Every structure is written in structure tokens, then in C-alpha cells.
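Proteins get letters first, then strands, A, B, ... in listed order; numbering begins at 1 in each. Values below: every heavy atom of this structure, side chains too, minus hydrogens, waters and symmetry copies. These numbers were taken from a predicted model, which means no experiment stands behind them.
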Number of protein chains: 4
Amino acid sequence: MSVNKVILIGNVGKDPDVRYLENNVCVANFTLATTERGYTTQSGIQIPDKTEWHNIVVWRGLAEIAEKYVRKGTQLYIEGKIRTRSWEDQNKIRRYTTEIYVDNMELLGRRDGQSSPSSAPVMSQSQNNPSPANTSYNSPIENSSDNDLPF
Amino acid sequence: MSVNKVILIGNVGKDPDVRYLENNVCVANFTLATTERGYTTQSGIQIPDKTEWHNIVVWRGLAEIAEKYVRKGTQLYIEGKIRTRSWEDQNKIRRYTTEIYVDNMELLGRRDGQSSPSSAPVMSQSQNNPSPANTSYNSPIENSSDNDLPF
Amino acid sequence: MSVNKVILIGNVGKDPDVRYLENNVCVANFTLATTERGYTTQSGIQIPDKTEWHNIVVWRGLAEIAEKYVRKGTQLYIEGKIRTRSWEDQNKIRRYTTEIYVDNMELLGRRDGQSSPSSAPVMSQSQNNPSPANTSYNSPIENSSDNDLPF
Amino acid sequence: MSVNKVILIGNVGKDPDVRYLENNVCVANFTLATTERGYTTQSGIQIPDKTEWHNIVVWRGLAEIAEKYVRKGTQLYIEGKIRTRSWEDQNKIRRYTTEIYVDNMELLGRRDGQSSPSSAPVMSQSQNNPSPANTSYNSPIENSSDNDLPF
DNA sequence: TTTT
DNA sequence: TTTT
């Protein structure tokens with residue numbers, strides 16, 4: 001009985017930060033910029049462009065695609081949901097971070113003659129199964145202590 | 001060359017906080033809850049419902065509709081954009097708040113026999129003109145010092 | 001590398017037409033009305049309301065929810081994709097029908113004191129797995145000859 | 001109390017067909033292809049790619065941008081609404097055509113070194129004012145007899 | 001054919 | 001803080 005949907009098209013701000021959790025699940029984090037075009041009001045006031053930076057979180061198969069093909073500057077379509085998580089800073093003050101959890105992602109503007117996905121086909125993937133699709137459990141080293149994981 | 005779009009359906013958490021700025025422009029703030037249904041994983045783990053609270057900001061004509069018809073509990077459709085603004089807390093630490101600026105809003109589930117909009121028709125409105133549609137400039141008292149206004 | 005997404009909120013025009021295929025997969029068809037509010041132009045011309053009728057197609061679990069809870073008049077949120085299929089009419093002329101294939105559906109405006117879902121909880125479901133989730137194969141009678149099925 | 005929203009990302013099928021109506025309002029028509037990636041079912045059946053062709057209709061300022069920058073093959077983001085209009089064919093049979101009326105459009109994948117918009121900045125425009133924004137009335141020749149125009 |  |  002509710003809907004929480006975000007649709008973004010923008011450019012990636014930095015190469016994704018990719019991690020593999022102990023259960024071998026892949027997570028990628030990066031920022032995405034969307035820019036609202038400025039304009040001039042009727043009274044002649046110049047409103048400048050305004051860039052919004054979004055914190056993007058990608059899981060599993062889509063994170064592996066991000067690892068392979070997403071780089072600083074890549075133009076992306078992203079569909080996901082808003083999630084705000086809270087944490088305590090060093091002053092014991094509760095702080096909040098809003099992130100976009102990606103359900104679907106598309107690399108845009110890819111043409112032949114460009115870097116990667118044209119040769120290695122980038123399957124667009126959806127991320128809508130709540131139960132883990134990835135079932136290989138190893139990867140012992142990275143003792144992940146993330147406590148904001150959905151399971 | 002970019003898109004920043006949010007679509008929400010949820011329930012309003014409290015009666016809107018409505019203000020009229022010095023130029024008589026109306027702004028309404030309230031929270032909206034979207035709840036992701038819990039489920040049970042294949043391995044039998046219970047994932048509970050998860051409620052997300054969104055900070056909603058509505059301007060002008062839509063804010064006046066919010067003032068009239070939106071109450072704690074109202075089910076709403078909201079279309080808007082994500083905006084994160086920063087401010088300094090009392091410890092001079094930069095903090096961030098993410099809000100949804102509404103472009104379009106629809107009251108849902110209204111039927112006859114219910115409170116308001118059936119008698120007074122609620123026109124759904126869009127909010128897409130960057131220049132002020134509201135031209136009456138008075139309302140001298142409220143010396144608004146908001147500095148996160150778009151003009 | 002492409003997106004085909006439809007988001008509708010409207011009212012159902014007639015009780016769903018529900019069928020179970022030979023493999024026991026459920027399909028529901030119904031129409032949904034969205035109404036664009038009329039207005040008056042600056043030059044004083046009255047533009048009337050305009051109702052658009054959408055042909056909705058729902059599969060599997062969501063179709064079973066439609067069978068249980070969707071009726072003429074129900075207010076629905078629908079997320080899906082546009083699909084146009086062609087067929088030959090009696091004059092051997094190729095004709096086209098555009099339908100919305102539903103991926104996600106939410107019943108809106110449900111409150112206590114109303115008909116059904118409050119007592120029998122309506123789980124909102126997504127429909128994003130391409131391979132059949134429904135595995136019971138019986139239902140021998142209805143010799144479905146649909147050739148526009150996705151498998 | 002209703003929503004009719006379409007979001008498409010795809011490639012243009014042919015150069016736009018652009019017309020200027022008698023009141024100098026510009027209209028552009030073209031087709032846009034979205035392709036759903038094929039897959040292999042668990043039982044080993046190959047489901048091929050499936051391309052959907054959408055009939056796109058663009059008005060006014062956005063139509064002029066389409067005239068300047070949209071060509072066969074251009075990758076576009078489109079936001080709009082579904083509209084089905086009916087007409088009578090030569091056999092006096094009522095036929096239906098479903099079109100997407102564009103509210104917002106973005107040219108994707110534009111990079112330096114490519115044709116046009118990088119040098120001449122393409123302002124993305126919205127098309128949400130119901131009353132005509134274009135007020136120059138001339139263009140006497142094209143005696144348009146379209147009767148599906150919104151005014 | 002729905003709804004407000 | 002909402003709702004089912």
C-alpha cells in the first residue's frame with residue numbers, strides 16, 4: 001500500500017567503491033550528479049544551474065556490472081528507492097544519510113568505438129528478488145562489520 | 001541532460017506545517033511514510049516491515065491545497081525531486097537534510113462520506129513554472145529568514 | 001539499454017476478466033480510467049475533462065490478487081510496461097492493440113469499514129521474475145489458444 | 001485524482017516529421033524503440049529480444065528542439081502521457097492509435113566531438129503549461145485540419 | 001466502462 | 001509520526 005520510487009539520470013562522480021561481503025555478495029557505492037538547468041526569472045534574476053549529488057548503493061549482479069563498466073563520468077539511468085539510515089557521530093549525535101538503493105540500472109550513451117560494453121554485452125538487470133540470488137558462500141577474509149545490510 | 005524524479009505513495013505522518021512567506025507564497029512541510037512489506041527468506045528468516053519517512057516540501061498552490069485537505073493519515077501520491085540541503089549545527093558541524101520538493105500531488109482514496117474534498121473539489125495542480133505564479137505581495141509581518149528558498 | 005515504464009493511478013472500469021491457463025497461470029484483464037482535469041484557457045475557452053482508458057493485463061500472483069480484490073470502481077496504482085500487439089481483423093487488415101503489462105500494483109484508499117482487504121491482508125507483489133514462479137501444472141479444460149503469451 | 005505517466009529511454013526510429021500549424025505551433029512526430037532483453041528460461045527456452053515501437057508526439061518548444069537535434073538513432077529520455085485516439089478507416093471501422101504525448105525530453109549520450117548539442121546548448125524543457133506559451137499567429141499556408149489537437 |  |  002505504498003510506493004517509494006526514484007528515477008535518476010546523471011553522471012557518476014567517482015569510480016565506484018566496490019566490496020565483496022563475506023557471503024560473496026557484491027556491493028558498490030558511488031555518487032551520481034543530476035543538474036537542474038538554471039534560468040532567468042521574469043524580473044531578470046539569474047538562477048544558476050543547481051547540481052544535486054545522490055549517494056547510490058548497488059547490490060549483487062548490478063554491483064558487478066558497476067564494477068566492470070561504471071566509471072567517473074559515466075552517464076547512468078537509475079531506478080531505485082530512497083532509504084535514510086541513521087548513525088551516531090563522534091559526538092554521539094544521531095546523524096542521517098539518505099541513499100538510493102538501486103533496483104534497475106542502465107548505462108547510457110554507449111556507442112561503438114567506445115570503451116567497454118559494446119564488445120562485452122552489458123545485460124541490464126533488475127534487482128527485485130528479496131531472497132539472495134547469489135548462493136556461493138565463501139570469501140572468508142573481509143570481516144565485514146556493516147550493520148546496515150538488509151539481512 | 002539529467003533527471004531527478006521521485007514518486008511516492010504513502011501516509012502523512014502529521015498535519016502539515018504551513019507558512020506564508022513575506023511575498024505571500026505558501027509553503028507546507030510534512031512527513032510521509034512509505035512502508036516496504038516484510039517477508040520471509042527461503043532460509044526462514046523473518047524480515048519485518050520497514051517504514052521510510054520522507055520530508056516533504058510543497059510550494060504555492062499545492063501548499064494551499066495541502067493546508068486545506070492534507071492531514072495526519074492522509075494517503076497521498078507525490079511526484080517531485082530530491083534535494084539535499086546542508087546547514088551547520090550548534091557544534092559547527094555541517095549537517096545534511098534530504099527533502100522531496102513536490103511538483104505534483106494527488107489525494108488518494110477520497111470517497112463520498114469522507115471529510116473534505118468531496119464537497120470542495122480538490123483540483124490537482126502541477127508546480128512546474130519556475131517563475132512565481134502568485135503575484136500578490138504583502139504579508140509584512142513574518143520576517144522570514146529562510147535562506148534555502150529558491151529565489 | 002532501454003526503459004519502458006508506465007505509472008498509472010485510476011479507477012477500474014469493470015470487474016476483471018480472469019482466466020487460468022492450462023499451466024494454471026492466472027491472467028486478469030480489465031480497463032483503467034485516468035482523467036485529466038479540464039481547465040479554462042487564458043482566452044476563456046473551456047477545455048473539458050478528458051478520460052483515457054487503458055487496457056490492463058496482469059499475470060500470476062498479481063492476477064490472483066486482482067481476482068480477489070479488484071472490482072469495478074477500485075482505485076489502483078499500476079506500474080508496468082507498454083506493449084502493442086497486432087492481430088488481423090475479419091477483413092484481413094492488421095490491427096493494433098496497446099496494453100499495459102503490470103509489474104507492480106497497489107490497491108489505494110483502502111480503509112477499515114470497507115469491503116475486503118482490511119480483513120484479508122493484500123500483500124502487494126512485484127512481478128519481475130521472467131521464469132514462471134507458479135509450478136503447479138494442471139487445469140486441463142481451458143484449451144487456451146492465446147498466442148500472445150510471453151512463453 | 002489520477003496519474004498517467006510514461007517514462008521511456010530508447011532510440012529514435014526515423015528523423016522526426018515536423019510540422020508548423022497555422023498558429024505557428026510546432027509539432028513533431030517520430031517513433032522510439034525500446035528493447036527488452038531476451039533471456040533463457042530455466043527449462044532452457046530461448047526468449048529473444050523484443051522491441052516495442054512507440055509513437056511519440058512532441059509540441060511547441062520541445063518539438064523545435066526535436067527538429068534541431070533529434071535524428072534517426074538518437075538516444076532519448078522521454079516523459080509523457082499515454083493518449084489513444086480513434087479514427088475511422090476506409091471501411092468505416094473505428095480504429096485506435098496509441099501515442100505518447102511528451103512533457104519532458106532529454107537527449108542522452110551527447111559527448112563532445114559529436115554532432116550538435118555540445119556546441120549549441122540544448123536546454124531541456126518541460127511542457128506543462130496548459131495555456132499556449134507561443135503567441136505568434138501567422139503561418140497561413142498549411143491549412144491544418146487536424147481535429148485531434150488539444151485546442 | 002471508472003472516478004471526482 | 002502514518003498506514004495495513
Query raised in the report: How close or far is atom C1' of dT2(F) from atom CD of Gln75(B), stated in whole angstroms?
Result: 11 Å

Query raised in the report: Looking only at N and O atoms, is any donor in the side chain of Thr31(C) or the base of dT1(E) less than 3.5 Å from an acceptor on the other one?
Result: yes

**Report entry** Beyond-backbone contact of Lys5(C) with Glu79(C), side-chain heavy atoms, under 4.5 angstrom
**Finding:** yes

Report summary line: Leu107(B) CG to dT3(E) C1', in whole Å, measures 14 Å

Report summary line: Regarding the side chain of Thr35(B), the nearest nucleotide among dT3(E), dT1(E), dT2(F) is dT2(F)

**Report entry** Any side-chain heavy-atom pair of Leu32(B) and Trp53(B) under 4.5 Å
**Finding:** no

**Report entry** Integer-rounded Å distance: dT4(E) P and Met105(B) CE
**Finding:** 18 Å

Report summary line: Separation of dT4(F) atom P from Leu108(C) atom CG, nearest Å, is 12 Å

Query raised in the report: Roughly how far, to the nearest 0.5 Å, is CD1 of Ile45(C) from OH of Tyr39(C)?
Result: 9.5 Å

Report task. Could you tell me the separation between the CD atom of Glu106(B) and the P atom of dT2(E), rounded to a whole number of Å? Result -> 20 Å

Report task. Whole angstrom is fine here: how far is it from CD1 in Ile78(C) over to P in dT2(E)? Result -> 17 Å

Requested in this report: Using atom CG of Asn11(C) as one end and atom C1' of dT1(E) as the other, report the distance to the nearest whole Å.
Outcome: 11 Å

Query raised in the report: How long is the gap from OH on Tyr101(C) to CG on Asn4(C), to the nearest 0.5 Å?
Result: 12.0 Å

Query raised in the report: How many Å lie between CG on Asp15(B) and P on dT1(F), as a whole number?
Result: 14 Å

Requested in this report: Would you mind classifying the nucleic acid contact of Thr51(C) as base, sugar-phosphate or nothing, using non-hydrogen atoms under 4.0 angstrom?
Outcome: base

Query raised in the report: Picking from Thr34(B), Thr98(B), Thr31(B), what satisfies side-chain hydrogen bond (donor to acceptor under 3.5 Å, both in side chains) with His54(B)?
Result: Thr34(B)

Requested in this report: Kindly say if Lys72(C) contacts the phosphate of dT2(E), meaning a side-chain N or O under 4.0 Å from OP1 or OP2.
Outcome: yes

Query - Trp53(C) ring over dT1(E) six-membered base ring, under 5.5 Å and 30° - result: yes

Query raised in the report: What nucleotide, of dT2(F), dT1(F), dT4(E), holds the atom closest to the side chain of Lys14(B)?
Result: dT1(F)

Report summary line: Of the candidates dT4(F), dT2(F), dT4(E), the side chain of Arg37(B) sits closest to dT4(F)

